[in-house]
S.K.: 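Mind having a look at this structure? Questions to follow.
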Amino acid sequence: MSHDAQEMSQVLRARHEKLATLRERGILAFAYSFEVTGTSIEVVASFEDLEKAGGVSADGQGTHTSLGGRIVGWRDMGKSAFAHLEDRAGRIQLYFKKDIVGAEAFEDLRLLDLGDWIGVEGTTFRTKTGEVTLRVRAWTLLTKSLRPLPFGKVEAASETGERVVHSGFADQEARYRQRYADLAVHPEVREVFRTRSRVVTELRRFLDGEGFLEVETPVLQPMYGGASAKPFVTTHHALDQTMYLRIADELYLKRLIVGGLDRVYEISKDFRNEGLSRLHNPEFTMLEWYQAFTDYNAQMDLSERMLLHVLDRVLGRRSLTLAGQAIEFSTPFPRIRFMDAVSAGLGTDVHALSDRELRARAEDLRIPDLGGAGRGKLLDKLFSALVEPGLVQPTFVIDHPKELSPLAKEHRDDPRLTERFEMYIGGAEIFNGFSELNDPLDQRARFEAQVLLKTAGDEEAQQIDEDYLRALEYGMPPTGGVGMGVDRLVMVLADQTSIRDVLLFPVLRAEE
RNA sequence: GACCCGGUAGCUCAGCUGGUAGAGCAACGGACUUUUAAUCCGUAGGUCGUGGGUUCGAGACCCACCCGGGUCACCA
């Protein structure tokens, strides 16, 4: 025992005492392995199949099976006891009877607690109350749980008959910090992360099927770029060099297009040294892909197809509920021009407004912290305030102003704009793509404009990446590229309103 | 960083205009060989976030601080 028993709470002390008793009786508290023949759900289903086929024996016995799992419920009845065992698939009821397991093994059940991992073997049957149950012939302790899990209670509401869950673990912060306990007592949380895994699998499957090559580019970079954001800064000691954690994959992936890997994608952790919010975690997962010989129109189509693929494969339907709102995915999604949307919100043509007039409009709307915002930032602020919240159904916003998009190609019909799109769902931006700027001279000019913004105090403005310009000078074919927030897509599919609820271990202030 | 709300038993919470700290669940002991929120009897469990102050007396009132949540700001 590593803790002074005096300092342990009564609850912990009771478990340590049980552990000591187990050891006195020669029972292994932390076993090495256990052979299972299936999962709880399979066992229940196969018993029901057996019933339908009339294969249950005269005394109601089904097949013999062995299962492993965690004890999540216990009802002691004296010379018999009922429990629920939870494994990766679900739950099954266990029935222990003194006459069956034997007096000694039955007595040892007293040393078990909720949260313990056990292995059981026996035959299935259906109880008087109708639940398919495993009649346990023998049980083995697999792991003693020395700290009680915060199990809640489920009850049927007296009036409506609905199942009401009384969580024993409602403190959100504690749930994030001790995600292991959150997962252990909340099957629905485990389900969110299964959904997340399936989403990522299907994104890969889709792009692989389209002939894309999955690649890996540096996380640790001597120069960061590809997005407007503040980086995390660190030091490589042997090289005595400042390094940055990547804020985007974009510039590396486009170098690969130059190199002739003409359809590439990467699923990456990106890092941005910014505030936290419902939609922002400092470390997040981004999917970026680039496809040569295509423009942003093709990439909007591809994005739609990708989204439908994921919906079909993960949910099996093309509609869902997000934060209580019904969302329908019917393609093609509406496409609205950025400047038209802002103009509509403002009730006047923004093209005709000077920078000063734009600022006055923003101030009228009480948009805070305009600071030294230039035309691009003013338009962006107006867009965020007037348009974004209304983009609940899947919608493409297209043709953003040039100042906002230093890596996007100038619009073929309007030099003030770029060929860019963002797709919004539920008021949040999830996809962002463009016809990639491949003219190295124009790219240099855009970088230089960013440097001016930086000098003017914009901390997120980009820097000149000479090596990237050198790559473009070798020649990058016309290319369409897209970045997509994987966490945010998972939020949509799993109906979660906070990014923290789709991250296993969200960023938190250090404990203590 | 700003504003609002919160911190009381392992968990969820109550605690009135200041008067000796409570409930349910969990735990522990006992009864019960088809229960499922099992039930019944009993026991134990608390530096009331921290530090000051007001008061005869503070969980409650005042001040400061710490921690958290929400909203906003920051953030393609």
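For clarity, every value in this text was computed on a predicted model and none was experimentally measured. Protein chains get the first letters and strands the later ones, always in sequence-line order, with residue 1 at the start of each.
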S.K.: Watson-Crick or G-U wobble partner for B:U39, using a 3.5 Å limit on both distances?
M.R.: B:A31

S.K.: Do A:Gln443 side-chain atoms and A:Pro406 backbone N/O form a donor-acceptor pair below 3.5 Å?
M.R.: yes

S.K.: Under 4.0 Å, counting only non-hydrogen atoms across every strand here, what does A:Leu94 touch: a base, just sugar-phosphate, or nothing?
M.R.: nothing

S.K.: Under 4.0 angstrom, heavy atoms only, what part of the nucleic acid is A:Arg420 near: base, sugar-phosphate, or nothing?
M.R.: base

S.K.: Sticking with atom P, work out how far B:U8 lies from B:C3, rounded to a whole angstrom.
M.R.: 24 Å

S.K.: Can you measure A:Ile247 atom CD1 to B:A76 atom P for me and round it to whole angstrom units?
M.R.: 9 Å

S.K.: Take atom CD1 of A:Ile425 and atom P of B:A76, then tell me their distance rounded to the nearest Å.
M.R.: 20 Å

S.K.: Would A:Asp249 and A:Thr217 count as having a side-chain donor-acceptor pair, cut-off 3.5 Å?
M.R.: no

S.K.: Go ahead and name the base partner of B:C61; Watson-Crick or wobble counts if both distances stay under 3.5 Å, otherwise write none.
M.R.: B:G53

S.K.: Between B:G10 and B:A27, how far apart are the two C1' atoms, rounded to whole Å?
M.R.: 8 Å

S.K.: Looking at A:Ser80 and B:U34, is any side-chain donor or acceptor paired with a base atom of the opposite kind under 3.5 Å?
M.R.: no

S.K.: Write down the distance between OH (A:Tyr95) and P (B:U33), rounded to a whole number of angstrom.
M.R.: 9 Å

S.K.: Pick base, sugar-phosphate or nothing for A:Glu429, based on heavy-atom distances below 4.0 Å to the nucleic acid.
M.R.: sugar-phosphate

S.K.: Considering Watson-Crick and G-U wobble pairs with both distances under 3.5 Å, what does B:U17 pair with?
M.R.: none

S.K.: Tell me: CG of A:Leu114 to P of B:A38, nearest whole Å?
M.R.: 10 Å

S.K.: Please report the distance separating the P of B:G24 from the corresponding atom of B:C41, rounded so that it comes out in whole Å.
M.R.: 11 Å

S.K.: Regarding A:Glu403, tell me which of base, sugar-phosphate or nothing describes its non-hydrogen contacts under 4.0 Å with the strands shown.
M.R.: nothing

S.K.: Is the base of B:A76 touched by the side chain of A:Asp380 through a donor-acceptor pair closer than 3.5 angstrom?
M.R.: no

S.K.: Quick one: label A:Phe125 by what it contacts on the DNA or RNA (base, sugar-phosphate, nothing), any heavy atom closer than 4.0 Å.
M.R.: base

S.K.: Does a nitrogen or oxygen in the side chain of A:Lys377 sit under 4.0 Å from OP1 or OP2 of B:C75?
M.R.: yes

S.K.: On the nucleotide B:G69, are OP1 or OP2 found under 4.0 Å from the side-chain N or O atoms that A:Arg500 carries?
M.R.: yes

S.K.: Measuring only the P atom in each nucleotide, how far is B:A26 from B:C40? A whole number of Å is fine.
M.R.: 11 Å

S.K.: How many whole angstroms separate atom CG of A:Leu391 from atom P of B:A76?
M.R.: 18 Å

S.K.: Go through the side-chain N and O atoms of A:Asp399 and A:Tyr296 and say whether any donor and acceptor fall under 3.5 Å apart.
M.R.: yes

S.K.: Roughly how many Å apart are B:A21 and B:C5, using the P atom of each and rounding to a whole number?
M.R.: 28 Å

S.K.: With distance as the sole criterion, is a donor-acceptor pair present between the side chains of A:Arg278 and A:Thr497 under 3.5 Å?
M.R.: no

S.K.: So which heavy atom on A:Ala184 is nearest to which on A:Glu86, and how close?
M.R.: O-OE2, 3.7 Å

S.K.: Quickly work out the A:Arg135 CZ to B:U33 P distance and round it to whole Å.
M.R.: 16 Å

S.K.: Could you work out the separation of B:C65 and B:G7 based on their C1' atoms and round it to a whole Å?
M.R.: 14 Å

S.K.: Determine the minimum heavy-atom distance between A:Arg179 and A:Asp182, stating which atoms define it.
M.R.: NH1-OD2, 2.8 Å

S.K.: Would a distance-only check, ignoring hydrogens and angles, find a side-chain to backbone donor-acceptor pair under 3.5 Å from A:Asp116 to A:Asp113?
M.R.: yes

S.K.: Go through the N and O atoms of the side chain of A:Glu131 and the base of B:U34, and report whether any donor-acceptor pair is under 3.5 Å.
M.R.: no

S.K.: Looking only at atom P, what distance separates B:C25 and B:C32, rounded to whole Å?
M.R.: 22 Å

S.K.: Return the nucleotide paired to B:G6: Watson-Crick means purine N1 to pyrimidine N3 with N6-O4 or O6-N4, wobble means G-U with N1-O2 and O6-N3, both under 3.5 Å.
M.R.: B:C67

S.K.: Using whole Å, what does the distance between atom C1' of nucleotide B:A38 and atom NE2 of A:His84 come to?
M.R.: 12 Å

S.K.: Between A:Tyr290 and A:Glu288, is there a side-chain donor-acceptor contact under 3.5 Å, judged purely by atom types and distance?
M.R.: yes

S.K.: Taking side chain to side chain donor-acceptor pair (under 3.5 Å) as the criterion, tell me which of A:Gln291, A:Glu304, A:Glu436 meets it with A:Gln299.
M.R.: A:Gln291

S.K.: Can you figure out which of B:U71, B:A76, B:U35 approaches the side chain of A:Arg278 most closely?
M.R.: B:U71

S.K.: Identify the nucleotide, in any strand shown, that forms a Watson-Crick or G-U wobble pair with B:C72, with both distances under 3.5 Å; if there is none, say none.
M.R.: B:G1

S.K.: Is there a side-chain polar atom (N or O) of A:Arg75 under 4.0 Å from OP1 or OP2 of B:A38?
M.R.: yes

S.K.: Measure CD1/A:Ile100 against P/B:U33 and give the value in whole Å, please.
M.R.: 14 Å

S.K.: Say we look at B:A14 and B:A9: how far apart would their C1' atoms be, to the nearest angstrom?
M.R.: 13 Å

S.K.: Between A:Ser46 and A:Val43, is there a donor-acceptor pair closer than 3.5 Å when you use the side chain of the first and the backbone of the second?
M.R.: yes

S.K.: Taking N or O atoms only and anything under 3.5 Å, show me the protein contacts with nucleotides 28-32 of chain B, one pair per line.
M.R.:
{"unit_1": "B:C28", "atom_1": "OP1", "unit_2": "A:Lys18", "atom_2": "NZ", "d": "2.3"}
{"unit_1": "B:G30", "atom_1": "OP2", "unit_2": "A:Arg110", "atom_2": "NH2", "d": "2.5"}
{"unit_1": "B:C32", "atom_1": "N3", "unit_2": "A:Gly78", "atom_2": "N", "d": "3.3"}
{"unit_1": "B:C32", "atom_1": "N4", "unit_2": "A:Gly78", "atom_2": "N", "d": "3.3"}

S.K.: Compare the minimum distances between each of B:U71, B:A76, B:U33 and the side chain of A:Lys97, then state the nucleotide with the smallest one.
M.R.: B:U33

